[in-house]
There are 2 protein chains.
Amino acid sequence: MLDLIELLFFAYRNFVSDPDEILQGFGFGRAHHRVLHFVNRHPGMRVTDLLDILRITKQSLGRVLRELVDQGFIDSRAGASDRRQRLLYLTPKGEALTQEFVAIQSRRIRRALEESGGESRELVRRFLVAMIDPEDRSSTEKLIARADQAVEARSAARGRTAG
Amino acid sequence: MLDLIELLFFAYRNFVSDPDEILQGFGFGRAHHRVLHFVNRHPGMRVTDLLDILRITKQSLGRVLRELVDQGFIDSRAGASDRRQRLLYLTPKGEALTQEFVAIQSRRIRRALEESGGESRELVRRFLVAMIDPEDRSSTEKLIARADQAVEARSAARGRTAG
DNA sequence: ACATTTATGTCAGCCATGTTGACTTTTTTC
DNA sequence: GAAAAAAGTCAACATGGCTGACATAAATGT
């Protein structure tokens with residue numbers, strides 16, 4: 001398995017270096033990328049939810065979140081039903097930046113899947129899920145499924161209103 | 001591809017957390033793990049080779065390397081043909097620790113491959129290679145092949161002498 | 001009504017690990 | 001004998017983790 005251990009190291013390093021280059025231009029780092037990514041995937045999420053996903057402390061998150069809000073990449077609105085909550089949304093500016101990250105990382109993955117054969121997508125997906133700690137798997141898969149559904153719902157709504 | 005982007009994040013986080021727990025007991029971090037791993041794979045490698053693989057600065061490496069040498073995990077010997085070089089070797093202590101990392105990470109990968117079907121190993125391998133920047137692929141694959149061959153050569157030598 | 005809990009934010013300081021720049025020593029190479 | 005290469009070191013700085021302590025606003029329970 002030594003080869004796969006190392007390939008995972010080299011592959012992941014290149015994978016995260018794509019966003020890194022873009023982030024440099026804004027004076028941001030990887031921490032900012034992660035926040036933007038998950039807020040994009042779960043618009044209106046609470047700060048606590050983000051902490052649970054990232055598994056970092058409130059203080060660590062606070063630093064990068066403040067910069068993202070101050071510089072107009074993220075919008076933080078009080079919750080309607082519970083006004084203690086700060087619900088997080090991307091601004092158009094934040095959305096544009098996040099799309100860059102998604103585009104470049106998707107391109108790398110798509111290329112890799114094409115190069116590794118027809119049925120690779122489902123198999124790679126199963127492999128990655130199985131690499132996650134068993135006790136975290138179902139919550140992780142649910143999280144991803146929820147985000148995917150929300151994307152579908154939003155695009156369906158756009159279809160009805162704007163077209 | 002959003003699901004795969006996220007699965008890669010979660011999977012890799014768990015993957016590196018295995019060694020992290022062990023390292024804590026020694027007051028070491030991920031940087032120490034990487035150094036031990038590659039010195040294990042390439043016994044007698046030069047400091048420069050390690051810098052090329054890790055892509056960090058001499059100063060960053062210097063800190064962790066000094067700790068590993070001082071605490072008897074790594075042995076640094078002057079090269080025979082070129083005495084400017086410091087050739088790096090694991091001590092028995094370093095070897096024992098490194099085997100722990102390899103064992104726990106191999107176990108996770110093996111389990112994941114089993115859970116994702118029979119032919120997954122070769123496909124996952126091809127996928128990971130294809131995730132690497134094209135210009136780095138051949139050197140990376142050569143590096144891994146060289147390390148694998150060296151392992152074989154050493155175990156063959158053990159077979160002839162000790163058994 | 002009042003006490004408690006929850007969600008969030010913030011200050012201060014520490015640690016690990018990356019960076020740049022400058023400089024030294026030893027040894028090899030031309 | 002000069003230049004280049006391999007390695008090491010000092011100093012200073014950035015990022016992004018961490019702990020601990022504390023503050024505020026709002027919801028919840030009795």
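In the text below, chain A, chain B and the rest are named by the order of the sequence lines, each starting its count at 1. Side-chain atoms are counted along with the backbone in the values below, which use heavy atoms only and exclude waters and symmetry mates.
For A:Q59 against C:dG13, a side-chain-to-base donor-acceptor contact under 3.5 Å is absent. Donor-acceptor pairing under 3.5 Å, judged by distance alone, is absent between the side chain of A:R86 and the base of C:dT8. Within 3.5 Å, a donor on the side chain of B:R84 pairs with an acceptor on the base of D:dA5, or the reverse.
Using a 4.0 Å cutoff on non-hydrogen atoms, the parts of residues 17-48 of chain B near DNA chain C are B:G29, B:R30, B:A31, B:H32, B:R34, ordered by number. Taken residue by residue, residues 63-73 of chain B places heavy atoms nearer than 4.0 Å to DNA chain C at B:R63.
Each of B:G62 and A:S81 has a nearest nucleotide on DNA chain D; the 5'-most of these lies closest to B:G62.
Under the ring pair (Phe, Tyr, Trp, His ring centres under 6.0 Å) criterion, A:H33 pairs with A:F101, sequence neighbours left out.
For residues 9-29 of chain B, the set of pairs meeting the side-chain hydrogen bond (donor to acceptor under 3.5 Å, both in side chains) definition, not counting sequence neighbours, comprises B:D18-B:R108, B:D20-B:R30. Among residues at least two apart or in separate chains, salt bridge (Lys or Arg N to Asp or Glu O under 4.0 Å) pairs with a member in residues 81-103 of chain A are A:D82-A:R84. Screening residues 65-90 of chain B for ring pair (Phe, Tyr, Trp, His ring centres under 6.0 Å) gives B:F26-B:F73, B:F28-B:F73 as the qualifying pairs, with residues at least two apart or on separate chains.
Not one side-chain nitrogen or oxygen of A:S60 sits closer than 4.0 Å to the OP1 or OP2 atom of D:dG16. For the pair A:R83 and D:dA26, the criterion of a side-chain N or O lying under 4.0 Å from OP1 or OP2 is met.
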